[in-house]
K.L.:
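Dumping the structure here so I can ask a few things about it.
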Amino acid sequence: MHHTMDGIDMLDPSGSMTTLTPMAETPITSSHHQLHGSYHSMNHMMSHHHSSHLGNHTPDGFLGAHHPAMAAAVAAAGLHPDTDTDPRELEAFAERFKQRRIKLGVTQADVGKALANLKLPGVGALSQSTICRFESLTLSHNNMIALKPILQAWLEEAEAQAKNKRRDPDAPSVLPAGEKKRTSIAAPEKRSLEAYFAVQPRPSGEKIAAIAEKLDLKKNVVRVWFCNQRQKQKRMKFAAQH
DNA sequence: ATGCATGAGCA
DNA sequence: GCTCATGCATA
């Protein structure tokens, strides 16, 4: 009984993401003293100003930063070459960053909050998620490039202060209580979605509606799923840039 | 560490 | 409606 759309029963969308888990760090959770400050409940303090300042300036799919013509133009403009945009450099920095961050005894969440204290123009706090993704290169190339200087600035500042101050038992741990959202797509449905995605990564609204109905999911959930799936394909680690 | 979600900006 | 940066909740 199939009439709207089928033909995906022969697909085998395997080899998605086999993220290995490095976990070679030391989760110190209460040793931040120099980079702290306002622990205001930053609930939605940043629900309207994030995608407009940190690298959301490239239309679609960043241009290869290795264009000879572009490199020349960049050089002529007196801007940096592709040293800051080089995936290799980013990767190296990300690792150095993580290493030194851990050495400082600071968690990813701590770093995120500390960024606001840097008071850099247009730079506010970031979430643990983002710091984590930066370290694991699971962000877009442009996003990595935009965040690098900021995190580098924090790192230098943090290490500088780590030299002066040494110990200061001050740990205002905040254990927020939150009840929010999060739909969970079951494995079978997920498999179907992946199969559809393999055939058509960008289904039309109607197609999405059809899929949603077949899988008994809300259309919005399916659309978002496809969007997120596309984003994943563009992340550094999996992009064909290495 | 990662899944599902929001919202700004663009077409 | 998409992309993109980013976040909360959760595994």
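Because the structure is predicted, anything quoted here is derived from the model rather than measured.
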K.L.:
Among the nucleotides dT2(B), dC4(B), dT6(C), which one has an atom lying closest to any side-chain atom of Gln128(A)?
P.N.:
dT2(B)
K.L.:
Looking only at non-hydrogen atoms, find the nearest pair between Pro201(A) and Arg230(A) and report the distance.
P.N.:
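Looking at all heavy atoms of both residues, the shortest contact is O-NE, 2.9 Å.
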K.L.:
Quick one: is Lys232(A) getting a side-chain N or O under 4.0 Å of the dT2(B) phosphate, OP1 or OP2?
P.N.:
no
K.L.:
Quick check: closest heavy atoms across Ala116(A) and Ala125(A), and the distance to 0.1 Å?
P.N.:
CB-N, 3.8 Å
K.L.:
Listed by chain and number, what are the side chain to side chain donor-acceptor pair (under 3.5 Å) partners of Arg223(A), not counting sequence neighbours?
P.N.:
Asn220(A)
K.L.:
Using a cut-off of less than 4.0 Å, is there contact between a side-chain N or O of Gln108(A) and OP1 or OP2 of dA1(B)?
P.N.:
yes
K.L.:
Looking at Arg223(A), I'd like to know whether one of its side-chain N or O atoms comes within less than 4.0 Å of OP1 or OP2 on dC4(B).
P.N.:
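No, Arg223(A) has no side-chain N/O under 4.0 Å of OP1/OP2 on dC4(B).
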K.L.:
Expressed as a whole number of angstroms, how long is the span from Phe226(A):CZ to dT3(C):C1'?
P.N.:
16 Å
K.L.:
The side chain of Ser127(A) lies closest to which of these nucleotides: dC2(C), dT3(C), dG7(C)?
P.N.:
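So the nucleotide nearest the side chain must be dG7(C).
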K.L.:
Measure CD/Glu206(A) against P/dG1(C) and give the value in whole Å, please.
P.N.:
10 Å
K.L.:
Measuring to OP1 and OP2 of dA5(B), would you say a side-chain N or O of Thr183(A) lies under 4.0 angstrom away?
P.N.:
yes
K.L.:
For Arg230(A) and for Ser129(A), locate the closest nucleotide of DNA chain C by heavy-atom distance; then report the residue assigned to the nucleotide nearer the 5' terminus.
P.N.:
Arg230(A)
K.L.:
With a non-hydrogen cut-off below 4.0 angstrom, is Lys190(A) in contact with a base, only sugar-phosphate, or nothing?
P.N.:
sugar-phosphate
K.L.:
In whole angstroms, how far is the C1' atom of dA5(C) from the NE2 atom of His141(A)?
P.N.:
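One finds 16 Å between C1' of dA5(C) and NE2 of His141(A), rounded.
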K.L.:
With sequence neighbours left out, what residues match Arg100(A) under side chain to side chain donor-acceptor pair (under 3.5 Å)?
P.N.:
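If we apply the side chain to side chain donor-acceptor pair (under 3.5 Å) test to Arg100(A), skipping adjacent residues, the hits are Glu159(A).
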K.L.:
Grab the CZ-P distance between Arg182(A) and dC8(C) for me, whole Å please.
P.N.:
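Distance check: Arg182(A) CZ to dC8(C) P gives 13 Å.
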K.L.:
Rounded to the nearest angstrom, tell me the gap between atom NZ in Lys237(A) and atom P in dA1(B).
P.N.:
9 Å
K.L.:
For Ile185(A) and dT10(C), give me the distance from atom CD1 to atom C1', rounded to whole Å.
P.N.:
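For the pair Ile185(A) CD1 and dT10(C) C1', the rounded distance is 14 Å.
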K.L.:
From C-beta outward on Ser140(A), which listed nucleotide comes closest to its side chain: dT6(C), dA5(C), dA1(B)?
P.N.:
dA5(C)
K.L.:
Give Arg133(A) one of three labels, base, sugar-phosphate or nothing, depending on what nucleic acid heavy atoms sit under 4.0 Å from its own.
P.N.:
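Counting heavy atoms under 4.0 Å across all strands, the contact made by Arg133(A) includes a base.
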K.L.:
Does Asn142(A) make a side-chain donor-acceptor contact with the base of dA5(C), cut-off 3.5 Å?
P.N.:
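By the distance-only test, no, there is no pair.
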K.L.:
Rounded to whole angstroms, how far apart are CG on Asn220(A) and C1' on dA5(B)?
P.N.:
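For the pair Asn220(A) CG and dA5(B) C1', the rounded distance is 9 Å.
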K.L.:
Regarding Thr130(A), tell me which of base, sugar-phosphate or nothing describes its non-hydrogen contacts under 4.0 Å with the strands shown.
P.N.:
sugar-phosphate
K.L.:
Could you check if a side-chain atom of Thr107(A) sits within less than 4.5 angstrom of a side-chain atom of Gln128(A), using non-hydrogen atoms only?
P.N.:
no
K.L.:
Whole Å only: how far is the CZ atom of Arg235(A) from the P atom of dT6(C)?
P.N.:
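Going from CZ in Arg235(A) over to P in dT6(C) covers 12 Å.
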K.L.:
Give a yes or no on whether a salt bridge exists between Lys237(A) and Glu91(A), defined as a side-chain N under 4.0 angstrom from a carboxylate O.
P.N.:
no
K.L.:
Go through dG3(B), dC8(C), dA5(B) for me and flag the one nearest to the Val224(A) side chain.
P.N.:
dA5(B)
